Participant: 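What follows is a single structure, and I will ask about it in a moment.
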Amino acid sequence: LFAPRGDWRILLGLPAKSVLRFRSVCKTWYSLISNSRFANAYLARSNQRPSPYFLFGRREHEKVCFSLHSNPAIDSSDFIEFHPPYEKTLFQIVGSVNGLICLVDSHGELHEKYYLWNPSINRTVQLPFVRNLLSAKCNYCPGFGYHAPTNEYKVAGIMHFDNTIGMVEICALNVLTFIYGKNSVFMNGRLHWLAQDYPEQEDDTCHNFILSFDLGYEIGDENIVYHEVPVPKTQSNKGKNMSDYLPAEVIEEILLGLPAKSVLRFRSVCKTWYSLISNSRFAKAYLARSNERSSPYFLFGRFGYEKEIFNRITGLSPNYTSG
Amino acid sequence: MASSSTSVVVSNKEKENKNTKKVTLKSSDGESFEVDESVAMESQTIKHIIEDGCANNEIPLPNVTSGILSRVIEYCKKHKEAAGESEPSVTSYTSNSTTNPLTEWDTEFVKVDQNTLFDLILAANYLDIKGLLDLTCKTVADMMKGKTPQEIRETFHIKNDYTPEEEAEVRKENQWAFE
């Protein structure tokens, strides 16, 4: 029997279509081939071959046709043609990396749908790309790239408005995070943004980094390369959720030491805190704690059970009127 | 835990250790710490274990790691020492006296990263050491003062489980608190 461990490298020499087909040989092969490690090894092997290719998109009437040329300068007849994944869509090439082609549905001015297409195995994936937040007119330039350190394919778009800060939107295929950039700084021919991506899982925190693009790119350039510069990690990275980590009685203890205004405000931190603070037991404990202090308070009674407790505790000044 | 506690020092503590009783505390990761029994009894939890006669040789503390336990012991030692050096008097942990010589030491003691601070709170809570619990909770409270709810969430990594509509409702309830 085929021992997956030793001999799997044989698969690396096969055409991609075959490899994919062999996933249905047995479950062991399926998991082996579906593994990202295998994919990386396959890619590395393909990249060892010397031939570069040129991809052209040609629009004929309402259709687009792609052709792959090995060297258009010398021999313009050596090419293969293939059709885009969806017949009816007017595609534009955003970029190509590692044999993946990023296409955009360029119907109309706003680029709504992005696709990632692997023509060698004829698989297409639509990217979950939220497009163009502002309907204002702007120069929008998308790009497609691959970020090796994190093994992510990313579609990036720069938008430049008339005389305001440019905005960057990036969608990373692997992790489906969405990055917003702001506060751009121009330095050394590059534009830099302070960017933040959303946490992948609930426990993760936002990760800050500096994103920079070279201003040498023109509108319509494809394969825009961007760089990520990590910023020093602040204490807030890898932090524990205080509300989960500390028991309720401890959080109560902490809140009891705060000024009333803060306590009330913090009801909107999360629902757990809301019920903790709104609890009459907390109100009584707070009152008891305040009574230990020597400063005088003005007491007002007010409608509503909850509000009454709090207004007694907080000692509103005579100038306060209800909202 | 809301009641105030006082620690009454009846006699001056001997500086020499030869006659003082020791007790061994064992952290969750297996490290043993030998401390004076009187220092260990700053923790009400440990005090009850000793008084109930359950101490034997070692007191296991499965909820406290060695890193945190060593700090807690440091705190207890320092506060026990300070209490011992003063005149036979009543030392109140709830006093806000600025002449308290430990204030500065305490301030330095809690200058740790957030996760360590939380672990100290948990240890103080589990071991029932009122002074340490008050100190650490106050430190966190000070970090929270003046912050908006969003800043609280960011600083302490709390997940916002409100929908935007729900959040708007809550804010409306006490509009003035947000000014």
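Labels below follow one simple rule: chain letters A, B, ... track the order of the sequence lines, proteins then strands, and each chain is numbered from 1. Here the structure is a predicted model, which is why all the values come from computation and not from measurement.
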Participant: CD of B/E51: more than 12 outside heavy atoms within 6.0 angstrom?
Facilitator: yes
Participant: Looking at every heavy atom in both B/K145 and A/L258, which two are closest together, and how far apart are they?
Facilitator: CG-CD2, 3.8 Å
Participant: Could you grab the distance from atom NZ of B/K159 to atom NZ of A/K271, nearest 0.5 Å is fine?
Facilitator: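 The NZ atom of A/K271 is 10.0 Å from NZ of B/K159, to the nearest 0.5 Å.
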Participant: For a quick test of reading the model, state the closest non-hydrogen atom pair linking B/V140 to A/M242 and the distance between them.
Facilitator: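 Between these two residues, the closest heavy atoms are CG1-CE, 4.0 Å.
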Participant: Which region of A/L255, side chain (C-beta onward) or backbone (N, CA, C, O), has a non-hydrogen atom less than 4.5 Å from a non-hydrogen atom of chain B, or is it both or neither?
Facilitator: side chain
Participant: Could you measure the distance from the CD1 atom of A/I251 to the CZ atom of B/F156? Nearest 0.5 Å is fine.
Facilitator: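 One gets 10.0 Å once the value is rounded to the nearest 0.5 Å.
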Participant: If the plane angle is over 60° it's perpendicular, under 30° parallel, otherwise tilted; pick one for A/Y274 and B/Y162.
Facilitator: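 Answer is perpendicular, since the angle exceeds 60°.
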Participant: To the nearest 0.5 angstrom, please state how far the NZ atom of A/K240 sits from the CG atom of B/N115.
Facilitator: 4.0 Å
Participant: Just verifying a value: how many Å separate B/D119 CG and A/Y245 OH, rounded to the nearest 0.5 Å?
Facilitator: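 Taking CG in B/D119 and OH in A/Y245, the distance rounds to 3.5 Å.
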Participant: Need one label for B/I158: side chain, backbone, both or neither, based on atoms under 4.5 Å from any heavy atom in chain A.
Facilitator: both
Participant: CD of A/E253 to CG of B/L133: how many Å apart, nearest 0.5 Å?
Facilitator: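 The CD atom of A/E253 sits 5.5 Å away from the CG atom of B/L133.
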Participant: Can you give me the closest heavy-atom contact between A/P247 and B/L122, atom names plus distance?
Facilitator: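 Smallest interatomic distance, heavy atoms only, reads CD-CD2, 3.3 Å.
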Participant: When you measure from the side chain of B/D161 to the backbone N and O of A/C270, does any donor-acceptor pair fall under 3.5 Å?
Facilitator: no
Participant: Is chain A contacted by the side chain of B/E166, its backbone, both, or neither, given a heavy-atom distance below 4.5 Å?
Facilitator: side chain
Participant: Within the structure provided, determine whether A/I254 and B/I121 are in side-chain contact (heavy-atom separation under 4.5 Å).
Facilitator: yes
Participant: Please determine whether the number of non-hydrogen atoms from other residues, nucleotides or ligands lying under 6.0 Å from atom CZ of B/R71 exceeds 12.
Facilitator: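 Incorrect, the count does not exceed 12.
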Participant: Find the one option among B/E167, B/K138, B/K147 whose heavy-atom pairs under 4.5 Å with chain A are most numerous.
Facilitator: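 Maximum pair count with chain A is reached by B/K147.
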Participant: What is the distance from atom CE of B/M144 to atom CZ of A/R265, rounded to the nearest 0.5 Å?
Facilitator: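 Here the interatomic distance stands at 10.0 Å.
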Participant: Verify, without hydrogens or angle tests, whether B/R171 (side chain) and A/S268 (backbone) share a donor-acceptor contact under 3.5 angstrom.
Facilitator: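 No.
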